[in-house]
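Presented below is the structure to which this report refers.
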Amino acid sequence: PWRIGLRRVSVDGQPDGAFAQNSDAVLACPALPQDPISSLQYASTARLADGRILVARWDGLDWNRVAAGQVRRTCLTRLLPDGRLDASFGQGGRVYIEDGGGEAGQVASVAEILPRSDGGIALVMNRKASTQPNSVFGSILWLAADGTVEVSRGDRGLTKLGPHLGVVDAAAVQADGRIVLAGAPP
């Protein structure tokens, strides 16, 4: 399975020995087999207001080489402030999202993990239909605090951001909870 290394440093720039195992944590995502298309892996992190940490991991995608019908997964892990897995999130601290949370055949990369004031998560992703060249577009997958998809938001938990925004490069939550997204037009 793929693994992600994490390290926390204190404000003075030194490794934080109170985090995980002497400042380092290694996260495994057992349901993500090694991908024969790409050996790259990417991660994104966000800190929740209570100090817990979200880490998303996905494969390095060559958008043009993904086979039709191939299932792609993103692993979202939540850690306690001390670096241990938060077992109250998903299954044993992890949530696996297939095909970017959308239709079968979609592949996705995570642009931003946005914690919401209600404890939920807005997972901003760039998605592509594997059968449509040059069709990368942004979307938001809405998750509850426990990692389940909030089907009452967007279209069964997914908001597609087109047609005026293609790839999302950055996003932020405003004080009123609204989300501002920036990126390239399609």
Item to complete: Could you please spell out the steps behind the side chain to side chain contact (heavy atoms under 4.5 Å, CB included) verdict for F19 and D82?
Response: CA-CA 5 Å; F19 183 73; D82 65 4; 5.8 Å; no
Worksheet item: So, are R116 and E150 salt-bridged, with charged N and O less than 4.0 Å apart?
Response: yes
Item to complete: List the steps, then state whether side chain to side chain contact (heavy atoms under 4.5 Å, CB included) holds for R178 with V173.
Response: CA-CA 6 Å; R178 295 179 187 181; V173 178; over 6 Å; no
Discussion item. Within this structure, what is the CD1-OG1 distance for the pair I53 and T77, rounded to the nearest 0.5 Å?
Written reply: 11.5 Å
Worksheet entry | Distance-minimising heavy-atom pair for S88 and R52 | OG-NH1, 4.4 Å
Fill in: Basic-acidic side-chain contact under 4.0 Å: R78, D50
no
Practice prompt. Heavy atoms only: give me the nearest V110-A56 pair and the separation to one decimal.
Written response: CG2-CB, 3.9 Å
Practice prompt. Considering non-hydrogen atoms only, spot the tightest contact between L76 and L143 and give its length.
Written response: CD2-CD1, 3.6 Å
Worksheet entry | Working for side chain to side chain contact (heavy atoms under 4.5 Å, CB included), residues V124 and V168 | CA-CA 8 Å; V124 180; V168 178; 3.6 Å; yes
Fill in: Considering all heavy atoms, the nearest N126-G138 contact
OD1-CA, 3.8 Å
Discussion item. Counting only heavy atoms not in Q91 (residues, nucleotides, ligands), do more than 12 fall under 6.0 Å from its CD?
Written reply: no
Item to complete: Specify the closest pair of heavy atoms between F89 and I121, including all atoms of both residues, with the distance to one decimal.
Response: CE1-CD1, 3.9 Å
Worksheet item: What's the spacing between M125 CE and I97 CD1 if we round to 0.5 Å?
Response: 5.0 Å
Worksheet, complete the sentence: In this structure, CG of L158 is separated from CH2 of W142 (nearest 0.5 Å) by 10.5 Å
Worksheet entry | Separation of T45 OG1 from R57 CZ (nearest 0.5 Å) | 15.0 Å
Discussion item. Let me confirm one number: the CG-OG distance from L181 to S139, rounded to the nearest 0.5 Å.
Written reply: 10.0 Å
Worksheet item: Taking it one step at a time, do I140 and L161 satisfy side chain to side chain contact (heavy atoms under 4.5 Å, CB included)?
Response: CA-CA 8 Å; I140 301 173; L161 300 174; 4.1 Å; yes
Worksheet entry | Same cluster (ILVMFWY, side-chain, under 4.5 Å), L80 and I113 | no
Practice prompt. Identify the heavy atoms of P115 and R47 that sit nearest to each other, and give their distance.
Written response: CG-O, 3.8 Å
